[in-house]
A.B. asks: 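Below you will find the structure I want to go over with you.
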Amino acid sequence: MIEDVSSDACSDVDTSPCWATQIILQEPTQQLPGVNLEAFSQAITAIQALRSSVTRVFDCLKDGMRNKETLEGREKGFVAAFQESLHSVSRDLGELERLSNLVGKPSENHPLHNSGLLSLDPVQDKTPLYSQLLQAYKWSNKLQYHAGLASGLLNQQSLKRSANQMGVSAKRRPKAQPTTLVLPPQYVDDVINRIDRMFPEMSIQLSRPNGTSAMLLVTLGKVLKVIVVMRSLFIDRTIVKGYNENVYTEDGKLDIWSKSNYQVFQKVTDHATTALLHYQLPQMPDVVVRSFMTWLRSYIKLFQAPCQRCGKFLQDGLPPTWRDFRTLEAFHDTCRQ
Amino acid sequence: MQQVPLPPPGAVPPRPSARPSADAHPRSVAQVPVAEGKSVQQTVELLTRKLELLGAEKQGTFCVDCETYHTAASTMGNQGQTGKLMYVMHNSEYPLSCFALFENGPCLIADANFDILMVKLKGFFQNAKANKIESRGTRYQYCDFLVKVGTVTMGPSARGISVEVEYCPCVIANDCWNLLMEFMQSFMGSHTPGIPSVFGTKHDSVYSPADTVVQYMELFNKIRKQQQVPVAGIR
């Protein structure tokens, strides 16, 4: 409905000089407030008069001097006739100008162009076209803006964390894997080694028990141990345990499934998983790992730092287990808002 | 390597080794004075009720005992030298171990059959049977805290109350002292103890089971001395 109206209206914009006539023909009986229809029809008559008087000027020029006996008489008659027709042109032009002021300019500067004329509809309740049109206009504007932003972000960050997520469509048209998933193990080793050297109180042990994916055992001071399961340079899973807890299964492998026996480390595990989702920058996975480790390092004071909000050490029997992602300050889980 | 950080309720976990080095967490052992006009038993009940209100759950019992040995007179070189006291202690948290220690001296952690060895050594160390002192009571768990409220008895009579608070996730005593203190304040109020001397000397090293036993020894000595005053008066 809206589209019909606007396309009709738009087609009116850039057509011939007869646009006014067209409108009259389309809506002969409708009274538009603010548009003087009387003046409109008079103006059309005035245009016709102007055109005929202009035609007369050129006719007069084309005919030239004739039908007079003397040269003098001919000249006089021609000048007089020419003068007369020019006068009528200027008179008609003046009349047209006067009328055009009366007609008014209802829609020329309207941002919606001729569809703005809908606002003139006096029966709002029955045909709320205009308000709907405005809503749709705003909505589509916003949509376009957000779509632009989103496409910018998506181009920057591919959200595909694993090749499996590509699913069926990937099979249909084979695509190269995201580059971050096919990093050479040597590069991963280098990145982890650099992080290991960066934090003296943190020791990182890298192992590859199952193929190319690395597993890290991070020991933070004498406070806690963290098992980090990597996929290339993406961190897939993390488990936090106590410093004196067993992190190996009976056959000597890293135990990546069982959780800590202590409530405090179960809570920290939850927060670490949140941090994994928070620190995301698929174009630069090494930065993500470094940020995560920097954040993790703030747990060195897990038992020593009071909550930055309530100033206490304990709440429901737990120390402040939350660390702010930006400031690394300690908070209780319920104090962090 | 087997570790049982939190034993199942009501059961003392079996241990493969006599050396209980695997799990030792900072503990504070303190004495709570008997409330005025109340018996030891009533004061213990008062404390445990407070703990239960806090949300702590009962988790079996515990026992720490201490036997005193005098150095036998025959082994002493000088007449003027007084015999050193040696304490042999058992802790139900470490059922396969036996702790032998001197006051301010080294602490030996041995297998439980160390007691039999002591019987063989009675020519050098004589058991002062009357001085046997022990603390028995209930274990409570609250989050990652273990609390043991015990009645200290010497012979047939109850002499005092011991409260041991342990924070299991931590291994460095000084790291979690503030935490322990805040927790103790929540149910001990004004009787919250100051930082134990073993915490001060530990710095950043890992807390060991011997540190707990030393704290119990100091507590028992304190309680013994409190009681010795009237006894000496009668003599």
Side-chain angles (χ1 to χ4, degrees), chain A residues 200-201 217 219-226 239-255 258-271 298-308 310-321 330 332-335, chain B residues 1-9 13 16 20-28 51 53-57 59 140-147 165-188 192 195 199 202-209:
Chain A
E201 64 276 48
L217 175 63
T219 309
L220 182 62
K222 281 175 181 160
V223 178
L224 48 82
K225 285 180 181 169
V226 190
I239 294 170
V240 182
K241 290 192 173 188
Y243 179 74
N244 57 351
E245 274 187 283
N246 191 8
V247 289
Y248 294 99
T249 55
E250 277 170 12
D251 51 356
K253 285 183 180 167
L254 273 180
D255 182 4
S258 66
K259 56 182 185 179
S260 169
N261 285 312
Y262 302 121
Q263 291 186 23
V264 55
F265 293 120
Q266 290 171 16
K267 203 86 188 164
V268 175
T269 302
D270 290 349
H271 293 331
S298 60
Y299 280 104
I300 190 103
K301 298 259 181 217
L302 176 61
F303 304 118
Q304 298 173 55
C307 172
Q308 293 298 303
C310 67
K312 288 191 170 175
F313 286 95
L314 289 174
Q315 195 182 68
D316 299 329
L318 290 174
T321 50
H332 289 123
D333 195 18
T334 46
C335 287
Chain B
M1 195 161 118
Q2 185 186 341
Q3 288 182 330
V4 190
L6 288 182
S21 57
D23 65 328
H25 316 110
R27 300 154 194 229
S28 162
L51 274 171
L53 276 178
L54 205 69
E57 281 172 17
Q59 252 209 353
Y140 285 89
Q141 192 189 345
Y142 172 67
C143 277
D144 296 330
F145 289 97
L146 271 182
V147 186
V165 180
E166 171 180 357
Y167 188 59
C168 303
C170 192
V171 292
I172 308 291
N174 284 327
D175 277 10
C176 65
W177 170 246
N178 286 321
L179 215 93
L180 273 177
M181 200 168 63
E182 199 175 291
F183 177 59
M184 287 191 283
Q185 272 164 356
S186 66
F187 70 96
M188 289 163 81
T192 306
I195 187 160
F199 278 41
K202 292 302 279 187
H203 296 296
D204 285 343
S205 54
V206 175
Y207 188 88
S208 85

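Here is how names work: the chains are called A, B, and so on, in the same order as the sequence lines, proteins then strands, and each is numbered from 1. Only a predicted model underlies this, so the values are computations on that prediction, with no experimental measurement involved.
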A.B. asks: Of all the residues in residues 179-186 of chain B, which have a heavy atom that comes within less than 4.5 Å of a heavy atom in chain A?
C.D. replies: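 Within residues 179-186 of chain B, the residues that come under 4.5 Å of chain A (heavy atoms only) are B:L179, B:E182, B:F183.
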
A.B. asks: Can you name the side-chain hydrogen bond (donor to acceptor under 3.5 Å, both in side chains) partners of A:D333, sequence neighbours left out?
C.D. replies: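 Expected list: A:K267, A:R336.
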
A.B. asks: Side chain, backbone, both or neither: which part of A:K312 has a non-hydrogen atom closer than 4.5 Å to chain B?
C.D. replies: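 Looking at A:K312, backbone and side chain both touch chain B.
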
A.B. asks: Find out whether A:F303 and B:P169 are in side-chain contact, i.e. whether some heavy atom of one side chain is under 4.5 Å from a heavy atom of the other.
C.D. replies: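 Sidechains of B:P169 and A:F303: in contact.
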
A.B. asks: Does some side-chain heavy atom of A:K222 sit less than 4.5 Å from a side-chain heavy atom of B:V206?
C.D. replies: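 With C-beta onward as the side chain, the pair touches.
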
A.B. asks: When rounded to the nearest 0.5 angstrom, what distance separates CG in A:D316 from SG in B:C143?
C.D. replies: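 So the CG of A:D316 and the SG of B:C143 are separated by 7.0 Å.
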
A.B. asks: I'd like to check the salt bridge (Lys or Arg N to Asp or Glu O under 4.0 Å) partners of B:E57; sequence neighbours left out, ordered by chain and number.
C.D. replies: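 Checked B:E57 against salt bridge (Lys or Arg N to Asp or Glu O under 4.0 Å); zero matches.
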
A.B. asks: Hey, what do you get for SG (B:C170) to OH (A:Y243), rounding to the nearest 0.5 Å?
C.D. replies: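 It comes to 11.5 Å.
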
A.B. asks: With chain A as the partner, which of B:L54, B:N178, B:N174 has the greatest number of non-hydrogen pairs under 4.5 Å?
C.D. replies: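 Between B:L54, B:N178, B:N174, the count favours B:N178.
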
A.B. asks: Just by distance, no angles: are the side chains of B:D144 and A:Q263 close enough, under 3.5 Å, to form a donor-acceptor pair?
C.D. replies: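 Short answer, no.
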
A.B. asks: Kindly write out the residues that satisfy ring-ring contact (aromatic ring centres under 6.0 Å, His included) with A:H271, not counting sequence neighbours, or none if the list is empty.
C.D. replies: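 A:H271 satisfies ring-ring contact (aromatic ring centres under 6.0 Å, His included) with A:W322 once adjacent residues are dropped.
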
A.B. asks: Quick check: do A:P319 and B:Y167 have side-chain heavy atoms less than 4.5 Å from each other?
C.D. replies: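 Yes; the side chains approach each other to less than 4.5 Å.
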
A.B. asks: Is there a side-chain contact between A:N244 and B:H25 (heavy atoms, below 4.5 Å)?
C.D. replies: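 Yes, their side chains come closer than 4.5 Å.
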
